[in-house]
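Pasting in a structure now, in structure tokens, and then I'll have a few things to ask.
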Number of protein chains: 2
Amino acid sequence: MNVECHNIIDNQMSVFSVLNQEEKELLKKNSTCTYYKKNDIIYKEGDKPNGLICLSKGKVKIFKEGVGGREQIVRMAKPVGFIGYRALFAEQNYLASAEAIEDSVICTIEKETLFSILKTNYELSLSIIRSLASELGFSNNRTVTLTQKHIRGRLAESLLFLKDTYGLEADESTIKVYLSREDIANLSNMTTSNAIRTLSTFASEKIISLDGRKIKILDFKGLERISELG
Amino acid sequence: MNVECHNIIDNQMSVFSVLNQEEKELLKKNSTCTYYKKNDIIYKEGDKPNGLICLSKGKVKIFKEGVGGREQIVRMAKPVGFIGYRALFAEQNYLASAEAIEDSVICTIEKETLFSILKTNYELSLSIIRSLASELGFSNNRTVTLTQKHIRGRLAESLLFLKDTYGLEADESTIKVYLSREDIANLSNMTTSNAIRTLSTFASEKIISLDGRKIKILDFKGLERISELG
DNA sequence: TGTAAAATATGTTAAAAAACATACAAATTT
DNA sequence: AAATTTGTATGTTTTTTAACATATTTTACA
């Protein structure tokens, strides 16, 4: 009854498109589907991965607990995308936690099955290598921007990042994800107060407009300029 | 005449140990050896990778230019280790630069040859996946510590990181790498002034002792405490 | 070997961001 | 519907860190 899993594995756009029918059937037989409510934890820092988790529906934040329990969001996942594969492939326990920020559906592909297919399928290995290498580039980039940019620059970058990740509503300006001010702060390496304050400033400068958790980008160029300036 | 390359490929401890003799010979035939003086640039942000670079001798820093040209060191390489493989496998141009901080020898394995061997050798793919996944974990960790820890915590962490990476001299306390105060600052996300000042403070607290660029760790537990506290 | 340049050191000031305080609104629970 | 909790908003204070200034030492090299 795990239709969601089947859909992902059969998806022509997914990394599994390089597999033959037999391999796909094997994956389907060894995967399970799980449903999560908004704010549900999918896994926690320290947990042991037991498979490749694929986000089929919903949105998920990946975060680490830092100094004094302060949360830093290191990644935002969208369908169809993988979660927690870093720990799985590094053969480590999770170094970050995953939490659904919307009702979500995940499909977990059993570890041994995945590795057995990986053994014979060069294309799949290569696409995993590419994914990890891209994400490492992204992470290194973020290390620099989060440490070097000032508050306005960091917030502007986060808003552009959210836009790039989740896209815009039909109005071509509302960012298609609804985060709490606290999550925006944890994504941008600042306190909640400063996230709220800086969002208000951006709104007063007509760069964005705010309506609860809805954020409309009014001046893309302006936002990019602030992000680049630091 | 590229003996250095041959040594690396034949090394029982390297990732190439999983290759058969034929594959090793192919790699040797398609690799070149290059010598760098201290402060020589090996590659620059934006350059196109043309092979897998292996550091055979010496020490190399990998850094990114941030806001206003401010440098952030994202990795320190030691022999025998790979450099610039992220960009190679992501099929991107380099997102960081590499500079020798000591006289160094590198061995470059030609790209096409490497990929052809990768195609047939599952073990090699897997070890690359593991490396990338580990480094991604490290990078995410650093994002959090560099943004959340205070100056003392960041510097303490950097000193411990340098110790873990390059080890200690025979005296069991001198860190086996000699960096400028500027490099230490660029590794720890602080200004040179603050690196100098904080090093002096640590020295006055008898946590470390300084002799030019030689740094002796006198109180390991103390340093760890400062690092963990933030 | 003298001189310029680079690196190190340290004090002072200015700016940035966190911490704190408080108020209010909205959502949830009872 | 009242009470409580949670999230948002904004002003003030304090801390942290960068920026600046200047001196001294070391290194490079002509």
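So that the names make sense, note that chain A is the first sequence line, chain B the second, and so on, each numbered from 1. The basis for the numbers below is simple: all heavy atoms, side chains too, and nothing from hydrogens, waters or symmetry mates.
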Rounded to the nearest Å, what distance is computed from the CE atom of residue A:M190 to the P atom of nucleotide C:dA18?
7 Å
Of the options C:dT8, D:dT17, D:dA9, whose atoms approach the side-chain atoms of B:R181 most closely?
C:dT8
Looking at A:K64 and B:V144, would you say the former's side chain and the latter's main chain have a donor-acceptor pair under 3.5 Å?
no
For a quick test of reading the model: is some side-chain N or O of A:N194 closer than 4.0 Å to OP1 or OP2 of C:dA17?
no
What is the distance from OH of B:Y178 to P of D:dT27, rounded to the nearest Å?
14 Å
Spacing between B:K38 atom NZ and D:dT27 atom C1', to the nearest angstrom:
10 Å
Strictly below 4.0 Å: does A:R197 bring a side-chain N or O up to OP1 or OP2 of D:dT8?
no
Answer yes or no: does a side-chain N or O of B:S200 lie under 4.0 Å from OP1 or OP2 of C:dT10?
yes
Could you tell me the separation between the CD atom of B:Q148 and the C1' atom of D:dT17, rounded to a whole number of Å?
17 Å
Looking across every strand, which nucleic acid part, if any, lies under 4.0 Å from A:I196 by heavy atom: base, sugar-phosphate, or nothing?
base
Using whole Å, what does the distance between atom C1' of nucleotide C:dA18 and atom CG of A:N186 come to?
14 Å
Both B:N189 and A:L210 contact DNA chain D. Which one's nearest nucleotide lies toward the 5' end?
A:L210
What is the distance, to the nearest angstrom, from the CZ atom on A:F202 to the C1' atom on D:dA9?
17 Å
So, does B:S14 use its side chain to make a donor-acceptor pair with the main chain of B:N11 at under 3.5 Å?
yes
Is there a donor-acceptor pair closer than 3.5 Å between any side-chain N or O of A:D219 and the backbone N or O of A:I207?
no
Under 6.0 Å between ring centres, would you say that holds for B:F161 and B:F138?
yes
Among C:dC20, D:dA18, D:dA21, which is the nearest nucleotide to the side chain of A:S193?
C:dC20
Give one of base, sugar-phosphate or nothing for B:R152, where a contact means two heavy atoms less than 4.0 Å apart.
nothing
Taking the inter-plane angle between the rings of B:Y43 and B:Y94 on a 0 to 90° scale, is it parallel (under 30°), tilted (30 to 60°) or perpendicular (over 60°)?
parallel
Tell me which nucleotide among D:dA18, C:dT8, D:dT8 gets nearest to the side chain of B:S180.
C:dT8
Rounded to the Å, how far apart are B:H150 NE2 and D:dT15 P?
12 Å
Can you check the A:L179 CG to D:dT6 P distance for me, whole Å?
19 Å
